[in-house]
Amino acid sequence: MAVGCTLSITSDPTTRFFNAICFPVDMKPSGPLFFWAQVFYLSKILEFGDTILIILGKSFRRLSFLHVYHHATVLFVCFIWLQTRQSMFPLGVLTNSTVHVIMYGYFFLCAVGCRPRWKRLVTDFQLVQFVFGFGILALMLSQHFFGSGCSGIWGIYCTAAFNGSLLALFFNFRSKNYVKKTTEMIKLS
Ligand SMILES: CC(C)(COP(=O)(O)OP(=O)(O)OC[C@H]1O[C@@H](n2cnc3c(N)ncnc32)[C@H](O)[C@@H]1OP(=O)(O)O)[C@@H](O)C(=O)NCCC(=O)NCCSC(=O)CC(=O)O
């Protein structure tokens with residue numbers, strides 16, 4: 001999906017970088033970018049199966065608020081992306097699918113008994129994607145309000161609220177899992 005989206009942005013000579021973050025207001029929901037958005041939406045339905053497998057396997061400790069909240073709301077957010085022909089989604093697909101390759105790579109290594117030492121990096125990558133999202137949002141809003149307007153502005157407000165909530169939850173996760181633990185280890189030694 002990340003590769004597909006990148007190729008869709010770069011291979012079309014009429015597509016400029018700004019098109020990836022600001023679609024024209026009369027954007028038609030067709031073509032390669034919307035194809036990848038549909039695939040991304042389907043992948044989120046598939047990802048929901050992850051939660052079902054966790055419930056069936058009775059691994060309830062894995063069902064943190066963050067996990068359930070993310071999996072329950074992400075489907076709705078992706079649906080809004082498609083419905084509103086939302087600007088910025090190509091970069092969302094690109095960053096989120098890249099982060100998911102790393103994250104599921106981490107889970108896979110854990111599952112085969114080879115727990116990676118770079119768990120913290122995975123969390124940091126997740127945080128960076130949300131911060132990056134806000135940087136792109138600022139660029140897009142400047143184009144929307146001071147340029148010719150961008151498609152899907154209401155979807156963007158929804159996505160911004162979603163991004164903000166995940167940023168806060170992941171900061172909380174990071175502080176509980178790494179920062180506090182490091183401080184406790186320093187105190188003990
Ligand atoms: C490093 C993380 C990726 C995972 O940290 P955690 O502390 O939650 O996980 P962990 O290291 O304790 O893993 C514990 C055990 O559960 C397994 N495990 C945990 N969650 C799993 C999942 N969703 N799918 C498959 N396996 C999973 C691990 O393999 C491991 O098995 P065992 O113990 O048997 O060896 C972190 O950054 C994170 O995302 N934490 C939030 C929890 C979460 O559900 N994240 C995914 C959805 S949010 C998301 O995806 C946001 C985004 O868009 O980036």
Side-chain angles (χ1 to χ4, degrees), residues 1-6 20-21 33 36-82 86-137 140 155-185:
M1 282 177 277
V3 175
C5 244
T6 310
I21 60 169
L33 282 178
W36 288 112
Q38 301 267 5
V39 173
F40 187 74
Y41 180 57
L42 291 176
S43 80
K44 292 297 163 192
I45 298 177
L46 194 70
E47 206 180 313
F48 198 69
D50 193 13
T51 306
I52 293 168
L53 285 177
I54 290 173
I55 294 170
L56 289 178
K58 298 197 171 102
S59 313
F60 298 114
R61 76 186 162 88
R62 288 178 190 171
L63 289 181
S64 60
F65 174 75
L66 198 167
H67 179 97
V68 177
Y69 171 77
H70 173 263
H71 279 196
T73 48
V74 75
L75 268 180
F76 173 71
V77 171
C78 289
F79 180 74
I80 300 271
W81 286 13
L82 288 166
Q86 191 198 291
S87 295
M88 277 179 27
F89 84 65
L91 291 184
V93 171
L94 204 157
T95 51
N96 195 253
S97 42
T98 307
V99 165
H100 273 64
V101 169
I102 299 166
M103 187 184 85
Y104 279 106
Y106 167 80
F107 286 143
F108 172 76
L109 289 172
C110 285
V112 296
C114 174
R115 194 172 285 272
R117 290 212 212 141
W118 37 267
K119 174 176 176 177
R120 188 180 177 150
L121 259 184
V122 184
T123 309
D124 287 343
F125 257 123
Q126 288 167 312
L127 278 165
V128 165
Q129 79 171 321
F130 300 123
V131 174
F132 175 76
F134 278 111
I136 295 295
L137 176 72
M140 181 261 142
I156 280 167
Y157 294 147
C158 257
T159 306
F162 175 66
N163 248 19
S165 62
L166 280 178
L167 184 64
L169 286 168
F170 268 94
F171 259 122
N172 181 42
F173 177 89
R174 188 179 185 276
S175 125
K176 275 190 185 151
N177 283 271
Y178 312 116
V179 182
K180 279 187 186 156
K181 278 185 187 160
T182 314
T183 321
E184 278 163 19
M185 276 165 74

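We count ligands from 1, going down the list as the structure has it; atoms in each ligand are counted the same way.
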> Which one of Phe170, Tyr69, Tyr106, Phe65 has a non-hydrogen atom at the shortest distance from atom 11 (O) of ligand 1?
Tyr106
> Considering only the protein, which heavy-atom contact is closest to atom 19 (C) of ligand 1, and what is its distance?
Phe107 CE2, 3.3 Å
> As a quick check of understanding, evaluate side chain to side chain contact (heavy atoms under 4.5 Å, CB included) for Leu109 and Arg115, giving each step before the final call.
CA-CA 6 Å; Leu109 289 172; Arg115 194 172 285 272; over 6 Å; no
> Got an N/O contact under 3.5 Å between Asn177 and ligand 1?
no
> Between Asp50 and Tyr104, does any side-chain donor sit less than 3.5 Å from a side-chain acceptor?
yes
> Of Asp124, Leu121, Asp50, which has the heavy atom at the shortest distance from atom 24 (N) of ligand 1?
Asp50
> Using a 4.5 Å cut-off on heavy atoms from C-beta on, say whether the side chain of Gln129 contacts that of His100.
no
> What protein heavy atom sits nearest atom 34 (O) of ligand 1, and how far away is it?
Arg62 NH2, 3.4 Å
> Nearest protein heavy atom to atom 30 (C) of ligand 1, by residue and atom, and its distance?
Cys110 CB, 4.1 Å
> Taking Asn177 for the side chain and Phe173 for the main chain, is one N or O donor matched with an acceptor at less than 3.5 Å?
yes
> Would you indicate whether the side-chain heavy atoms of Arg120 and Arg174 approach each other to under 4.5 Å?
yes
> What's the shortest heavy-atom distance between His71 and Phe48, and which atoms?
O-CD1, 3.5 Å
> How close do Val131 and Leu167 get, heavy atom to heavy atom, and via which atoms?
CG2-CD1, 3.9 Å
> Would you mind running through ligand 1 and noting each atom that sits below 4.0 Å from a heavy atom of Val99?
54 (O)
> Walk me through it: do Ser64 and Tyr69 pass the test side chain to side chain donor-acceptor pair (under 3.5 Å)?
CA-CA 8 Å; Ser64 60; Tyr69 171 77; over 6 Å; no
> Mind listing the closest non-hydrogen atom pair of Thr98 and Ala2 along with its distance?
OG1-CB, 3.6 Å
> Before signing off on this row, confirm whether Tyr178 and ligand 1 have an N or O atom pair separated by under 3.5 Å.
no
> Between Phe173, Tyr104, Phe108, which one has a non-hydrogen atom sitting closest to atom 36 (C) of ligand 1?
Phe173
> Using heavy-atom distances only, which candidate in Gln129, Met103, Arg115, Lys44 approaches atom 52 (C) of ligand 1 most closely?
Gln129
> Among all protein heavy atoms in this structure, tell me which lies nearest to atom 53 (O) of ligand 1, with the distance rounded to 0.1 Å.
Asn96 ND2, 2.8 Å
> Considering non-hydrogen atoms of the protein only, which is the closest contact for atom 37 (O) of ligand 1, and what is the distance?
Gln126 OE1, 2.6 Å
> Given Thr98, Leu63, Thr123, Ile54, which has its nearest heavy atom closest to atom 2 (C) of ligand 1?
Thr123
> Taking the six-membered ring for Trp, is the centroid-to-centroid distance between Trp36 and Phe89 below 6.0 Å?
no
> What protein heavy atom sits nearest atom 10 (P) of ligand 1, and how far away is it?
Lys119 NZ, 3.7 Å
> Starting from atom 51 (C) of ligand 1, what is the nearest protein heavy atom, named by residue and atom, and what distance separates them?
His70 NE2, 3.5 Å
> With side chains defined as the heavy atoms from C-beta onward, is the minimum distance between Gln126 and Ile102 less than 4.5 Å?
no
> Got an N/O contact under 3.5 Å between His100 and ligand 1?
yes
> Heavy-atom contact check, 4.0 Å cutoff: does Arg120 meet ligand 1?
no
> Please list the nearest protein heavy atom to atom 42 (C) of ligand 1 with its residue and the distance rounded to 0.1 Å.
Ser64 OG, 4.3 Å
